[in-house]
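Below: the structure, in structure tokens.
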Amino acid sequence: MNSRQRHPLKLPKIPIRVSEAHGSSPMEPTPQEPFSSHSPTYQALLRAGPRLRPLHQVHARILVSGLHCSLSLLTKLLTFACTAGAIDYTRRLLFSVPNPDSFLFGSLIRSASKSHLSTDAIFFYHRMLSARLKPSNYTFTSVIKACADLSALTVGRIIHSHVLVNGFGLDCFVQTALVVFYAKCGDWYSARKLFDRIPDRSVVAWNAMIAGYEQNGLAEEAIKLFHRMQAEGVEPDSATLVSLLSACSHVCALGLGQWVDTFIVDKGMDVNVVLGTSLINMYARCGHVQKAREVFDGFQERNVVAWTAMISGYGMNGYGNQAVELFHRMKTEGPLPNDVTFVAVLSACAHFGLVSEGREVFKSMKRDYGLAPRVEHHVCMVDMFGRAGLLDEAVRFIRDWIPGEPGPEVWTAMLGACKMHKDFDLGVEVAERLLAIEPENPAHYVLLSNLYALAGMTDRVEKIRQVMIHRGLKKNTGFSSVEINHVAHVFRNGDTSHPQTVEIRQYLEQLIYRIREAGYVPETDSVLHELEGEEREFALRFHSEKLAVAFGLMSTSNKTLIRIVKNLRICGDCHLAIKFMSVVADREIIVRDKHRFHHFKKGLCSCQDYW
DNA sequence: ATCATCCGTT
């Protein structure tokens, strides 16, 4: 079967003789030279690279010169064809190979998985097993990566068992690939179990696990693991820092983010585009826009991603005009904006009531840049008109500009606008369309319920609650986190799990007493309609963002800026309460919610109560 | 002869 290994010299000799007979090239090697990479056909193949037409020509040459049995040539040809994305050609080629060996399959699987032809990689793996060839550790890393890209948990688990059967369970490359695979499939628990069993953990293994936590929304775990990596003396590289900065952005860990920045400078690390963009993003998402801009300005190779990150950073932090201004600068002196850039700009226009600007940007998208608007852009436009109170125009936009049936995202934006401007009739109509499309999404019921509550229709509110219970739909639980001394503390609504719960609640009660004296009246009308009067107020009192603010204030000295991150949108009552808190405690408080930043300072918020 | 990790919008 594996003739090349048993008779290593036999096959290479044949092609040389054959090509000599044809006298194909004056550069043909002399017979005493080994075949290997000096063969002119092989050289031609290397020159062709992953380009289809030159490959066809070399293929013809291989056939004519009788080299069609040379597995090394065919392997190279196959991998190039695969990298070129010509999957049908690759498959036909594979069928024409008389006795493909392990190495050929291994290379092919690797090319396929690297070229994002993941299903083909798995198909080739299957063919390899059918041919009774043994996969190597090299094969496994590639096919597992393919499973990871597809999040194919079941197939991946089977291949994991093949790994064990074939004795590669302790190969660190394979183990790292498996960690990535389980993490990408959302099974970070299995990923961690595997990670803990890797005997010699390389930087890449650490990076895989840290990135795995981060991608699964476990930013705190990512940060904890980074600290352990430090403790074990493993030197982080740029990939580690990229994931770490992303984790910092998620939990607003500015302290740690700044540490990363100085670390990069101290070590004289090369700041590539990815790392530079992560830094910009970290500063922007921690509410430090000026610093983000400094990094952006000092950064040489700014690509679309870096510009987009900076524009959206301005938008999120309440600087709508700067977002638009930077976008105009980008058009004259920066790279070409892409569709994501337009989402960032349009979103900034929507949030800051820049209606005519937004309209013009939307038009220019297709006209000047040939970019077709996607759902995200439609949502921004509906949001923009809706927030500005132009509900008719929002409806017209949906009717005239959105091809086909609008998706749930568009109706959600429309419903939000109806709620904001208290257009009850339109809101109910929109909500019904929404529920018809996505009857299982609890968020829609909550919005509709809020709408009924605003209209004072408590019987309908109750009815919706019954439907939700009946269908087993639960509201998304909110959480907020605050960073104190480089440690993120997470709070849920009504949370009592924090070791200092008693003190936090006492502090919060006092704080609420003080803001009530300053004129705060709880906004109880938009929440938990099943509760009455005082109960409602009590339910609001321990919202996660209030707990986080209280803990932040009591744990830090005067004048320290408090940064909170919340996974959902901040509620109206908390928004009002924190405005008062910023006065009575004389502190700046920044809350980053699902969509944007709220910089609370002296009783005002950067969002201008418009979010 | 080869191998695993990292970025932007809603």
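Just so you know, these numbers use all the heavy atoms, side chains as well, and skip hydrogens, waters and symmetry mates. All chains are named by letter (A, B, ...) in the order of the sequence lines, taking the proteins before the strands, and each is independently numbered beginning at 1. Just so it is clear, the model here is predicted, and its values are computed rather than measured.
- Residue contacts shown for A:Ser202 include a base, since a base heavy atom lies under 4.0 Å away.
- A:His598 and A:Asp593 form a side-chain donor-acceptor contact under 3.5 Å, judged by distance and modelled atom types alone.
- Counting to the nearest Å, the P atom of B:dA4 and the CD atom of A:Gln175 are 16 Å from each other.
- Using a 4.0 Å heavy-atom cutoff across all strands shown, A:Asn338 reaches at least one base atom of the nucleic acid.
- In the set B:dG8, B:dC3, B:dA1, the nucleotide with an atom closest to the side chain of A:Phe103 is B:dA1.
- Looking at residues 204-230 of chain A, you'll see A:Val204, A:Asn207, A:Ala211, A:Gln215 sit with a heavy atom under 4.0 Å from some atom of DNA chain B.
- Stacking of A:Phe173 onto the six-membered ring of B:dC3 is present: less than 5.5 angstrom between centres, less than 30° between planes.
- Contact check, A:Arg110 against B:dA4: a side-chain N or O comes under 4.0 Å of OP1 or OP2.
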- Message: Is there a ring pair (Phe, Tyr, Trp, His ring centres under 6.0 Å) between A:Phe362 and A:Phe397? Walk through the geometry before answering.
- Response: CA-CA 12 Å; A:Phe362 182 79; A:Phe397 180 86; 5.3 Å; yes
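- We find that A:Arg228 and A:Glu232 are joined by a salt bridge, their nearest charged nitrogen and carboxylate oxygen being less than 4.0 Å apart.
- Nucleic acid contact for A:Lys76: none, since no nucleic acid atom lies under 4.0 Å from a heavy atom of the residue.
- Against DNA chain B, the stretch residues 236-254 of chain A makes heavy-atom approaches under 4.0 Å through A:Ala239, A:Val242, A:Ser243.
- Defined by atom type and a distance below 3.5 Å, a donor-acceptor pair is present between the side-chain atoms of A:Thr240 and A:Asp237.
- Nucleic acid contact for A:Val379: none, since no nucleic acid atom lies under 4.0 Å from a heavy atom of the residue.
- Note on A:Arg285: only backbone sugar-phosphate atoms sit closer than 4.0 angstrom, heavy atoms only; bases stay farther off.
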